[in-house]
Amino acid sequence: MDGVGGHTEARRRFLRMLVASPLFAGSHFFGRSVTNWLASDATVESNALAVLDMLQQSEDVIASPDQALDVMDFEAAARKALPPAHFGYLATGVDDDGTVRANREGYSHIQIRPRRLVDVEKIDMSVRLFGTSWSSPIVICPVSSQKAFHPDGEIAVARAARAKDHLQILATVANSSIEDVTAARGKPVWQQLYPTNVWEVGRAIVKRAEAAGSPAIVFTVDQQEGANRETLFRAQKADTRECATCHRTSYTGYARGRPGVTSGGFSEYAARHPMFDGLDLSKVTQLRPSPMDWAFVKRLRDTVTVKLLIKGVVTREDAQLAVEHGVDGLMVSNHGGRAEETLRPTIKSLPEVLEGVAGRIPVIVDGGVRRGTDVFKALALGATAVGIGRPQAWGLAAFGQPGVEAVLEMLRRELGTIMRQSGTTSVDKITRDYVVVRPF
Ligand SMILES: Cc1cc2nc3c(=O)[nH]c(=O)nc-3n(C[C@H](O)[C@H](O)[C@H](O)COP(=O)(O)O)c2cc1C
């Protein structure tokens with residue numbers, strides 16, 4: 001029994017151990033190093049499937065939200081719940097997914113300096129953004145096509161946001177309309193904007209959001225078409241289901257021209273994204289037009305009557321330009337490592353963006369936030385609020401609305417704990433004095 005069978009069993013055991021470890025959960029999609037390690041006797045695809053198979057059989061995956069000990073537990077549950085291509089879409093970064101990992105690891109460079117003997121009986125986590133108060137600084141970032149994760153999609157996220165009182169930012173390419181999401185949220189949501197290459201289409205989305213009561217438009221500027229989402233492409237190849245039974249293989253600007261990935265064209269894609277309803281899309285070829293520049297920001301500024309934020313700024317220079325162009329707020333973001341492989345954590349970019357802004361407008365940061373202590377650190381460095389992308393979708397995929405609520409609750413609880421431990425009774429008391437930044 002010591003021969004091939006014993007060897008295989010040992011490999012399986014090792015794999016299970018890796019899969020169960022948070023390190024693995026927080027890092028790669030299939031853990032490519034693991035699949036490479038198995039590459040001696042199978043193809044990458046079949047190895048990837050074998051890993052997935054084991055993940056799905058893993059007894060460590062939580063079966064209900066209350067079993068979760070941390071937010072990462074929802075990632076494993078989402079992985080189990082979703083078809084490979086959909087989980088690949090959620091997990092993917094670009095190239096080697098190095099920026100996805102960097103975002104997460106960035107937080108480990110920041111240490112907390114807790115103060116003692118402060119009365120922490122009452123903790124107030126609320127923040128104000130553009131005159132509105134939120135009971136938590138944790139913002140729900142725009143995540144597109146959420147019905148790929150759960151049939152209730154953005155509506156379930158909105159209900160969770162309502163239950164826990166969180167600010168929600170709705171993606172342009174959401175599977176539900178802003179009117180339906182606003183009704184489910186019971187309060188206006190912010191609208192993220194991909195303007196497309198046709199000005200009138202982008203303008204119509206802005207005007208529809210304004211009419212729905214949205215107090216802010218969040219213009220995303222960090223995505224060019226053609227991003228190399230290799231983990232997604234691998235997952236698509238590993239997925240044996242017939243996608244066309246639900247949708248033709250999507251319009252994926254980033255996937256265009258990729259072997260094995262066909263495009264259904266923009267109109268077919270738009271049909272599943274109600275923010276495009278009723279618009280003339282005959283000339284739309286890009287969600288994120290390549291000629292976009294600061295003149296475009298000026299034009300947008302002149303069009304948007306509510307607050308205008310830019311999402312995706314990571315440098316001092318662009319932060320200064322944004323303020324000069326009358327932008328009302330910034331989101332420091334690299335699209336959760338899905339835009340380009342910079343290997344630069346957003347938490348590392350935050351201080352220089354804050355320098356560029358010089359206190360004139362609020363700054364939200366997202367990317368790799370998985371713990372209440374991460375939120376604390378970002379606030380200590382000067383962020384006004386902190387965004388989460390994948391964690392909401394993990395909760396959604398695994399358990400629908402209760403899963404999203406549980407993710408929000410867990411992060412709130414962890415933030416409350418570190419605020420009490422550090423002797424900071426409100427968000428404005430979480431200052432730079434409470435952290436030490438080690439060299440990155
Ligand atoms: C599946 C997925 C879809 C996303 N879709 C959008 C989008 O449509 N618009 C946008 O501005 N950002 C989008 N993002 C980026 C998030 O808003 C956010 O910046 C990022 O996920 C934060 O990093 P995190 O996932 O590590 O928390 C998406 C992220 C994911 C994971």
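Read the numbers this way: they start at 1 and go in the same order the structure lists the ligands and their atoms. Along the sequence shown, residues carry numbers from 1.
- Below 4.0 Å from some heavy atom of S333 lie the following atoms of ligand 1, by number and element: 19 (O).
- At a 4.0 Å heavy-atom cut-off, ligand 1 touches Q192 through the side chain alone.
- Figure legend: R390 and F74 shown without cation-pi pairing, the cationic atom not lying both under 6.0 angstrom from the six-membered ring centre and within 45 degrees of its axis.
- The list of ring pair (Phe, Tyr, Trp, His ring centres under 6.0 Å) pairs with a residue in residues 343-390, not counting sequence neighbours, is empty.
- Using a 4.0 Å cut-off to heavy atoms of V143, the atoms of ligand 1 that qualify are 1 (C), 2 (C), 3 (C), 4 (C), 5 (N).
- Heavy-atom contacts of R390 reach the following atoms of ligand 1: 24 (P), 25 (O), 26 (O), 27 (O), 31 (C) (cutoff under 4.0 Å).
- With hydrogens left out, the protein atom closest to atom 6 (C) of ligand 1 is P142 O, 3.3 Å, a heavy atom.
- R234 contributes atom CZ, which lies 15.5 Å from atom CG of D239 (distance to the nearest 0.5 angstrom).
- Where the criterion is an N or O separation shorter than 3.5 Å, residue side chain and backbone included, G368 meets it with respect to ligand 1.
- Note: an N/O pair closer than 3.5 Å links G389 and ligand 1 by distance alone.
- Less than 4.0 angstrom separates some heavy atom of T220 from each of these atoms of ligand 1: 10 (C), 11 (O).
- Considering backbone and side-chain N/O atoms, Y89 never comes within less than 3.5 Å of an N/O atom of ligand 1.
- Of the N or O atoms in R338, none lie within a sub-3.5 Å distance of an N or O in ligand 1.
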Margin query: For a side-chain contact (heavy atoms from CB on, under 4.5 Å) check, start with the C-alpha distance between N175 and E154, then their side-chain angles and the critical distance, and finish with the verdict.
Written below: CA-CA 7 Å; N175 293 131; E154 293 82 2; 3.6 Å; yes

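- Close approach of ligand 1 to A171 (heavy-atom distance below 4.0 Å) involves ligand atoms 8 (O).
- Evaluated by nearest non-hydrogen atom to atom 24 (P) of ligand 1, the leading choice among Q223, R370, H273 is R370.
- Among residues at least two apart or in separate chains, ring pair (Phe, Tyr, Trp, His ring centres under 6.0 Å) pairs with a member in residues 126-154 are F130-W190.
- Atoms of ligand 1 found under 4.0 Å from any heavy atom of G367, numbered from 1 in the order shown, are 22 (C), 23 (O), 26 (O).
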